[in-house]
Structures are given as structure tokens and as C-alpha cells.
Amino acid sequence: MSLPRKSTLFPNVERDADERGSILSIVDETVQNVSIITCNPGALRSNHWHHKDFHFMYILEGEIDYFYRDLDDGEIKYLKVRAGDNIFTPDTEVHATYFPVKTVMVVSSKYPRDQETYEADTVREALITHENLEEMLATYAR
């Protein structure tokens, strides 16, 4: 499967289920890092884009107000991401996240998450700020 060119709620695949329980696959791509990230209520994260890295964010608990700038038309887009959702973020796409409640997620990245590798691939761009958050939610979270 080829990866999408814009942020997308990605399908999880239930591999197996029986009396013992089930297996849910959330990432079927080659990745070099898997992290558990906890975000406190009111936190802003991301506000950047990556030259080559991508990531999947599987929400264990909580929710995200997720903003991104579409690579095709340059428009700002919005997704509400909830527990059980898996969002894919491609390279070169500006993305930003707001956490209205405590949120715990598993993030799987193409590249290692050490500071040197991460910073070399990351370009900061303030898509959402505490100053414009209310307006961004009113405009895009319809």
C-alpha cells in the first residue's frame, strides 16, 4: 500500500479475534521509532513539518484537534481525532495539534526520535498558537 500525501485517519486492521482476545494492527510500515507520548490538557504540539519523516499517531485515550495545511491546495484543514483513531502525517506537510483533554498516544515514526535526527528533519512553523486557537477552532472545527 502506498502512503497518502495528506494527513489521513488511517484504517486499523483487525488481524485476528478469538476467545483469547484480538490483534489490531495499527502500523504496517517500516518504522525506526515507537514512542508513547502523554499530552496535558491545553497543550499545543507539532507546529512543524518534516523533510522526510512521517508518523502514525494512534490515540489510546483522549482526543486531538488536529490542523494541517493541505499540500494540494494550501488550505488549512481540520480533523477531530479520538481514542481508537490512527492518524497518518506525511512528510512536508505542516501539522499542529491541540489537546483539550489529557491524551495518551502511540507514535510510530519513519526515523529515530533522537534529538539530533529529529531536529535535522524538522522545520518549525506556528500554524496554531494559544493566541489564535479559539479562532482556528471556530473557523475549521465545524
Side-chain angles (χ1 to χ4, degrees), residues 1-17 20-142:
M1 171 196 280
S2 72
L3 293 171
R5 291 298 311 147
K6 66 178 169 182
S7 288
T8 305
L9 288 174
F10 214 78
N12 301 313
V13 178
E14 188 160 335
R15 298 286 183 204
D16 191 23
R20 298 170 297 168
S22 63
I23 297 172
L24 182 71
S25 291
I26 58 174
V27 176
D28 271 340
E29 297 295 326
T30 301
V31 297
Q32 293 188 46
N33 179 267
V34 177
S35 299
I36 295 175
I37 299 177
T38 301
C39 305
N40 293 325
L44 296 176
R45 285 190 179 262
S46 305
N47 272 327
H48 61 241
W49 57 275
H50 301 282
H51 290 282
K52 295 182 179 179
D53 203 4
F54 64 71
H55 42 255
F56 291 87
M57 296 183 290
Y58 180 80
I59 312 310
L60 294 169
E61 65 181 70
E63 61 185 51
I64 304 173
D65 290 303
Y66 182 94
F67 298 86
Y68 67 98
R69 184 171 299 120
D70 190 291
L71 291 169
D72 294 329
D73 60 19
E75 297 286 324
I76 295 173
K77 304 283 175 82
Y78 169 87
L79 294 168
K80 184 63 151 185
V81 187
R82 295 180 171 86
D85 286 344
N86 193 12
I87 187 162
F88 171 76
T89 302
D91 62 1
T92 70
E93 183 183 84
V94 176
H95 54 282
T97 52
Y98 169 67
F99 300 88
V101 299
K102 180 181 177 184
T103 302
V104 179
M105 57 188 172
V106 176
V107 179
S108 303
S109 302
K110 179 178 181 179
Y111 293 121
R113 185 63 190 231
D114 65 274
Q115 201 64 29
E116 184 179 339
T117 302
Y118 182 80
E119 292 300 332
D121 189 63
T122 302
V123 178
R124 309 256 187 263
E125 186 173 328
L127 185 59
I128 58 172
T129 64
H130 287 291
E131 291 74 31
N132 75 1
L133 179 62
E134 191 174 311
E135 178 184 348
M136 294 290 281
L137 285 168
T139 302
Y140 299 103
R142 304 179 204 130

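In what follows, residues are counted from 1 in the order of the sequence shown.
Note that OH of Tyr68 is 6.0 Å distant from OG of Ser7, once rounded to the nearest 0.5 Å. Between the CG atom of Leu24 and the CG atom of Asp16 there is a distance of 11.5 Å, given to the nearest 0.5 Å. Going from atom OG1 of Thr92 over to atom CG of Leu71 covers 4.5 Å, rounded to the nearest 0.5 Å. The line from OH of Tyr78 to CG of Leu137 is 6.0 Å long, rounded to the nearest 0.5 Å. Here OG1 of Thr103 is found 6.0 Å from CD1 of Ile64. Values are rounded to the nearest 0.5 Å. Atom CZ in Phe54 sits 14.0 Å away from atom CD in Glu93 (nearest 0.5 Å).
Residues satisfying the side-chain hydrogen bond (donor to acceptor under 3.5 Å, both in side chains) test with Thr38, not counting sequence neighbours, are none. With sequence neighbours excluded, the residues that form a side chain to side chain contact (heavy atoms under 4.5 Å, CB included) with Glu131 are Thr129. With sequence neighbours excluded, no residue satisfies side-chain hydrogen bond (donor to acceptor under 3.5 Å, both in side chains) with Asn47. Applying the side chain to side chain contact (heavy atoms under 4.5 Å, CB included) test to Thr139 and every residue at least two apart in sequence or in another chain returns Glu135, Arg142. With sequence neighbours excluded, the residues forming a side chain to side chain contact (heavy atoms under 4.5 Å, CB included) with Ser22 are Glu14, Ala17, listed by chain and number. Lys102 meets the side-chain hydrogen bond (donor to acceptor under 3.5 Å, both in side chains) test with no other residue; sequence neighbours excluded. Applying the side-chain hydrogen bond (donor to acceptor under 3.5 Å, both in side chains) criterion to His55, with sequence neighbours excluded, gives His95. Residues passing the side chain to side chain contact (heavy atoms under 4.5 Å, CB included) test with Glu75 are Asp73, Lys77, sequence neighbours excluded. By the salt bridge (Lys or Arg N to Asp or Glu O under 4.0 Å) test, Glu125 is found to be paired with Arg69, residues two or more places apart in sequence or in another chain being considered.
Annotation: salt bridge (charged side-chain N to carboxylate O under 4.0 Å, His left out) contacts involving residues 52-65, sequence neighbours excluded, comprise Glu63-Lys80, Asp65-Lys80. Contacts classified as side-chain hydrogen bond (donor to acceptor under 3.5 Å, both in side chains) and involving residues 105-116 (residues at least two apart or in different chains) are given here: Asp114-Thr117, Gln115-Glu119.
A heavy-atom distance below 4.5 Å is found between the side chains of Leu3 and Phe10. Using a 4.5 Å heavy-atom threshold, the side chains of Val123 and His48 count as separate. Contact annotation: the side chain of Met57 never approaches that of Val81 to less than 4.5 Å [non-hydrogen atoms, C-beta and beyond]. Two residues are said to be in side-chain contact when any heavy atoms from C-beta on lie closer than 4.5 Å; Phe56 and Glu29 meet this criterion.
When the shell of 6.0 Å around CZ of Arg20 is examined, it contains 12 or fewer heavy atoms from other residues, nucleotides or ligands.
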Which side-chain N or O atoms in residues 84-91 pair as donor and acceptor under 3.5 Å with protein atoms at least two apart or in another chain?
from, atom 1, to, atom 2, distance (Å)
Asp85, OD2, Arg82, N, 2.9
Asn86, ND2, Asn12, OD1, 3.3
Asn86, ND2, Ile26, O, 2.6
Thr89, OG1, Tyr66, OH, 2.7
Asp91, OD1, Arg5, NH1, 2.7
Asp91, OD1, Arg5, NH2, 3.4

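Minimum heavy-atom separation, Lys6 to Thr8: O-OG1, 2.7 Å. Gly62 and Val101 make their closest contact through CA-CG2, 3.8 Å (heavy atoms, listed as atom of the first residue, atom of the second, distance). Between Pro41 and Pro100, the shortest heavy-atom distance links the atoms CB-O, 3.9 Å.
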